[in-house]
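Everything on this sheet refers to the single structure shown next.
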Amino acid sequence: MKIASWNVNSLNVRLPQVLDWLAQAQPDVLGLQETKLTDEKFPTDAIREAGYEVVHAGQKTYNGVAVLAKAPITDCAFDIPGFEDPQRRVVAATIGGLRLINLYVPNGKAVGSDKYDYKLAWLEHLRGWLRDELGRHERVAVVGDFNIAPGDDDVHDPAEWHEQILCSTPERQALAGLLALGFTDSFREFDQPEKTFSWWDYRMNNFKRNRGLRIDLILTSPALTHALETSVVDAEPRAWERPSDHAPVVAEFATP
DNA sequence: ATGGTCGCGCTGCGA
């Protein structure tokens with residue numbers, strides 16, 4: 001089974017690229033972030049014609065998350081329980097024996113800002129929910145744009161980013177708190193090329209210079225970690241014409 | 001050089 005996550009930065013703009021990528025990569029499940037569409041404007045027909053079921057939690061202009069899957073999607077949730085939020089950042093869904101939680105974690109803007117406080121509060125509530133989900137499901141994948149680089153290996157220039165947003169100690173501790181529940185950053189289960197990133201700012205030719213961060217993650221529960229076969233970043237779509245600023249991340253695992 | 005690029009949607013905000 002192949003699962004993937006991609007922050008598309010507007011599905012309106014990126015739909016052709018998503019369809020191309022689905023055709024070439026053939027994931028069984030794909031979590032999208034930053035669709036920036038209301039549910040009414042979601043391109044359900046085009047996605048279905050590509051062979052995927054879909055659920056979407058969208059809003060106008062900002063945020064928006066979706067799960068695409070070749071098999072039927074059941075047991076959906078669109079909020080962290082007890083943390084209702086008008087910002088559409090969460091879709092949980094069951095696909096066969098897989099529990100998928102697709103996230104668009106708040107960016108946080110700047111350390112110490114109101115948005116930063118919201119990010120940390122959001123992550124704290126997320127941790128309680130993921131603990132419950134781990135108790136209910138064996139095979140859980142938490143995918144998405146985490147807006148946190150787990151470690152300095154995930155940063156093109158750790159000195160430049162030292163204690164900056166996406167890299168600050170409280171953010172990394174919040175992520176470590178999720179891993180402490182039993183989740184694994186699947187990417188680090190395998191040997192990887194150095195300086196592998198998943199997001200590059202549009203400005204300053206950062207992609208060409210590989211000035212990026214790895215902030216798009218696939219976390220796996222113990223049973224899923226045991227079944228892992230690969231976990232990679234597919235940087236190819238970042239080099240396409242008019243790209244998202246994020247690349248898809250992909251993990252494969254054996255099915256029982 | 002204290003900027004720079006996108007997307008949304010129409011003025012500046014969010015990333």
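All chains are named by letter (A, B, ...) in the order of the sequence lines, taking the proteins before the strands, and each is independently numbered beginning at 1.
- If you take CD of A:Glu34 and C1' of B:dC6, they are 11 Å apart, rounded to a whole angstrom.
- For the C1' atoms, the distance linking B:dG12 with B:dA1 amounts to 24 Å, nearest Å.
- In this pair, A:Phe207 and A:Trp200 present their aromatic rings perpendicular. The plane angle is above 60°, beyond the 30 to 60° band.
- In this structure, the NZ atom of A:Lys36 is 15 Å from the P atom of B:dC13, given to the nearest Å.
- At a cut-off of 3.5 Å, with distance as the only test, no side-chain donor of A:Asn107 or A:Tyr116 sits close to an acceptor on the other residue.
- Under 3.5 Å, the side chains of A:Ser5 and A:Gln33 contain a donor-acceptor pair of N or O atoms.
- Counting heavy atoms from C-beta on, the side chains of A:Leu219 and A:Leu179 come closer than 4.5 Å.
- Shown for residues 55-67 of chain A: residues whose heavy atoms fall under 4.0 angstrom of DNA chain B, namely A:Lys60, A:Thr61, A:Tyr62.
- In this structure, A:Ile215 and A:His246 have side chains that are in contact, with non-hydrogen atoms separated by less than 4.5 Å.
- Contacts of A:Lys36 classified as side-chain contact (heavy atoms from CB on, under 4.5 Å), with partners at least two apart in sequence or in another chain: A:Asn9, A:Ser10, A:Glu34.
- Atom CZ in A:Arg211 sits about 14 Å away from atom C1' in B:dT5, given to the nearest Å.
- Mapped onto DNA chain B by nearest heavy atom, A:Trp199 and A:Arg203 fall at different nucleotides, with A:Arg203 at the one closer to the 5' end.
- OP1 or OP2 of B:dG7 sits under 4.0 Å from a side-chain N or O of A:Arg242.
- By the 4.5 Å heavy-atom criterion applied to side chains, A:Val143 and A:Ile3 are counted as neighbours.
- Stacking of A:Arg214 on the aromatic ring of A:Phe197 is not recorded, the 6.0 Å distance cut-off and the 45° axial limit not both being met.
- B:dC10 and B:dC6 are spaced 16 Å apart, taking the C1' atom of each and rounding to whole Å.
- Other residues sharing the hydrophobic cluster of A:Leu68, ordered by chain and number and joined by side-chain separations under 4.5 Å: A:Trp6, A:Val8, A:Leu11, A:Leu15, A:Val18, A:Leu19, A:Trp21, A:Leu22, A:Leu30, A:Leu32, A:Leu37, A:Phe42, A:Ile47, A:Tyr52, A:Val54, A:Val232, A:Trp240, A:Val250.
- Using a 30° and 60° split on the angle between ring planes, A:Trp199 and A:Trp161 fall in the perpendicular class, above 60°.
- Here the P atom of nucleotide B:dG7 and the CD atom of A:Gln33 are 17 Å apart, to the nearest Å.
- Among residue pairs with one or both ends in residues 49-62 of chain A, those qualifying as salt bridge (charged side-chain N to carboxylate O under 4.0 Å, His left out) are A:Arg48-A:Glu53; sequence neighbours excluded.
- The interatomic distance linking A:Asp145 (CG) with B:dG14 (P) rounds to 17 Å, in whole Å.
- Shown for residues 146-165 of chain A: no residue has heavy atoms falling under 4.0 angstrom of DNA chain B.
- Sparse packing is recorded around CG of A:Asp114, with 12 or fewer heavy atoms of other residues, nucleotides or ligands lying under 6.0 Å away.
- Across the protein-nucleic acid pair, A:Lys119 atom NZ and B:dG14 atom C1' stand 13 Å apart, rounded to whole Å.
- Within 4.0 Å of A:Arg14, counting heavy atoms only, lie sugar-phosphate atoms of the nucleic acid but no base atom.
- The interatomic distance linking A:Arg88 (CZ) with B:dG14 (C1') rounds to 18 Å, in whole Å.
- In terms of position along DNA chain B, the nucleotide closest to A:Val13 lies nearer the 5' end than the nucleotide closest to the other residue of the pair A:Gln87 and A:Val13.
- Atom CG of A:Asp201 is separated from atom P of B:dC6 by 10 Å (rounded to the nearest Å).
- The side chain of A:Ser10 has B:dC8 as its nearest neighbour among B:dT5, B:dG14, B:dC8.
- Taken residue by residue, residues 103-114 of chain A places heavy atoms nearer than 4.0 Å to DNA chain B at A:Tyr104, A:Asn107.
- For A:Met204, whose side chain is taken as the heavy atoms from C-beta onward, the closest listed nucleotide among B:dG7, B:dC8, B:dG4 is B:dG4.
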